[in-house]
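The block underneath contains the structure these notes are about, expressed in structure tokens.
Reckoned from all heavy atoms, side chains included, excluding hydrogens, waters and symmetry mates. Just so it is clear, the model here is predicted, and its values are computed rather than measured.
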Amino acid sequence: MEEHRVVPDVVDTAPPALLQVKYGALEVSEGNVLTPTQVVTSPTHLSWPREDNALYTLCLTDPDAPSRDDPKVREVLHWLVVNIPGCDPAAGDTLAHFVGSGPPSGTGLHRYVYLVYRQPGRLDCDEPRIPNNTAEHRRNFSIRNFAAKYKLQLVAGNFYQAEYDATSDLIRRQLGVLK
């Protein structure tokens, strides 16, 4: 994560464990390149080190908006789920519904960072709930600030990189940022 500057752009220190993320047969592997078409839906498998009776927060964020060279809307939130028992986001409370990668044309590779945090207990969050058809409340998100606010402990992480393909336009239309 240091090599690709996820540390310090997104988190202060590298996660202590690797988060396993799979999209069918494709696996996220510390900065490998996947296409927006390959990651258009939520992962089919997630796994991280976990403790009995603990609750977790899962985040997917893009720190490279609109581009890595000009990240003026860092970060864009792609998925945020709290109060996850075990490794099952569907059993948690979704604050931001999953949105696939949609980097704009000509902006190069974007990093898409998955992070999992252990919660000190059940969270009652005051952030707005974000559906998957709006960009509102997704820009200028900071997982660092969110984690500090709720006293979350970083458990695991992973990331992939993606750049524009035709699916990017579909994602951007879905969010209302492309007509």
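Hydrophobic clustering (ILVMFWY, side-chain heavy atoms < 4.5 Å, transitive): Leu60 and Leu19 are in one cluster. By the criterion of side-chain heavy atoms lying less than 4.5 angstrom apart, applied directly or through intervening Ile, Leu, Val, Met, Phe, Trp or Tyr residues, Leu152 is not grouped with Ile84; the two fall into different hydrophobic clusters. Both Leu154 and Leu123 belong to a single network of hydrophobic side chains, linked directly or stepwise wherever heavy atoms of I, L, V, M, F, W or Y lie under 4.5 Å apart. A chain of hydrophobic side-chain contacts below 4.5 Å, direct or via other Ile, Leu, Val, Met, Phe, Trp or Tyr residues, connects Val116 to Val81. At a threshold of 4.5 Å between side-chain heavy atoms, the hydrophobic network of Ile, Leu, Val, Met, Phe, Trp and Tyr places Val7 and Val10 in one connected group.
Contact check for Glu51 versus Val155: no side-chain heavy atoms found under the 4.5 Å cut-off. Gln119 has its side chain out of reach of Tyr150: every pair of non-hydrogen atoms, C-beta onward, lies at least 4.5 Å apart. Using a 4.5 Å heavy-atom threshold, the side chains of Tyr56 and Leu58 count as separate. Between Arg74 and Asn140 the shortest side-chain heavy-atom distance does not fall below 4.5 Å. The shortest side-chain heavy-atom distance between Tyr23 and Val40 does not fall under the 4.5 Å cut-off. With a 4.5 Å cut-off on side-chain heavy atoms, Gln161 and Leu34 do not count as touching. Within the 4.5 Å cutoff, no side-chain heavy atoms of Phe159 are placed close to those of Pro63. Within the 4.5 Å cutoff, the side chain of Pro89 has no heavy atoms near those of the Phe98 side chain.
Looking only at distances, no side-chain donor or acceptor of Ser29 sits under 3.5 Å from a matching main-chain atom of Asn32. Without hydrogens or angle criteria, His45 side chain to Ala25 main chain gives no donor-acceptor distance under 3.5 Å. A donor-acceptor pair under 3.5 Å is formed between the side chain of Arg111 and the backbone N or O of His4. His78 places a side-chain N or O within donor-acceptor distance of the main-chain N or O of Gly100, the cut-off being under 3.5 Å. Not a single donor-acceptor pair under 3.5 Å links the side chain of Asp165 to the backbone N or O of Thr35. In terms of modelled atom types and a separation under 3.5 Å, the side chain of Glu27 and the main chain of Lys22 share no donor-acceptor contact. A donor-acceptor contact shorter than 3.5 Å is absent between the side chain of Arg173 and the backbone of Leu178. Within the 3.5 Å criterion, the main-chain N or O of Gln174 finds no donor-acceptor partner in the side chain of Asn133.
Scanning both residues, Tyr164 and Pro103, for their nearest heavy atoms gives CD1-O, 3.4 Å. Looking at every heavy atom in both residues, Ala96 comes nearest to Leu77 through CB-CD2, 3.6 Å. The nearest pair of heavy atoms linking Pro15 to Met1 is CD-SD, 3.4 Å. Val11 and Leu115 get closest at one heavy-atom pair: CG1-CD1, 3.6 Å.
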Let's go through Phe146 and Cys59 carefully: what are the C-alpha distance in whole Å and the side-chain angles of both, what is the deciding distance for side chain to side chain contact (heavy atoms under 4.5 Å, CB included) to 0.1 Å, and is it a yes or a no? CA-CA 10 Å; Phe146 185 88; Cys59 178; over 6 Å; no

Yes or no on side chain to side chain contact (heavy atoms under 4.5 Å, CB included) for Leu109 and Arg68, after CA distance, side-chain angles and deciding distance? CA-CA 7 Å; Leu109 287 169; Arg68 198 176 300 193; 4.1 Å; yes

Salt bridge (Lys or Arg N to Asp or Glu O under 4.0 Å) between Asp93 and Arg122, worked out: CA-CA 10 Å; Asp93 299 323; Arg122 185 160 206 75; 3.6 Å; yes

Show, in sequence, the C-alpha distance, side-chain angles and deciding distance for Val113 and Glu75, and conclude whether the side chain to side chain contact (heavy atoms under 4.5 Å, CB included) test is met. CA-CA 10 Å; Val113 182; Glu75 302 159 22; over 6 Å; no

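Side-chain contact annotation: Asp64 with Tyr112, donor-acceptor N/O pair under 3.5 Å absent. When only modelled atom types and interatomic distance are considered, Thr107 and Ser67 share no side-chain donor-acceptor pair under 3.5 Å. Judged by distance alone, the side chains of Gln38 and Tyr160 never bring a donor and an acceptor atom under 3.5 Å apart.
With rounding to the nearest 0.5 Å, the separation of CG in Leu55 from CG in Asn83 is 5.5 Å. If you take OG1 on Thr61 and CZ on Arg138, they are separated by 10.5 Å, rounding to the nearest 0.5 Å. The CZ atom of Arg139 sits 11.5 Å away from the CG atom of Asp62 when rounded to the nearest 0.5 Å.
Each ring-ring contact (aromatic ring centres under 6.0 Å, His included) pair with one or both residues in residues 119-140, not counting sequence neighbours, would appear here, but there are none.
For the side-chain contact (heavy atoms from CB on, under 4.5 Å) criterion with Ile171, the lone passing option out of Val99, Asn132, Val39, Val177 is Val99.
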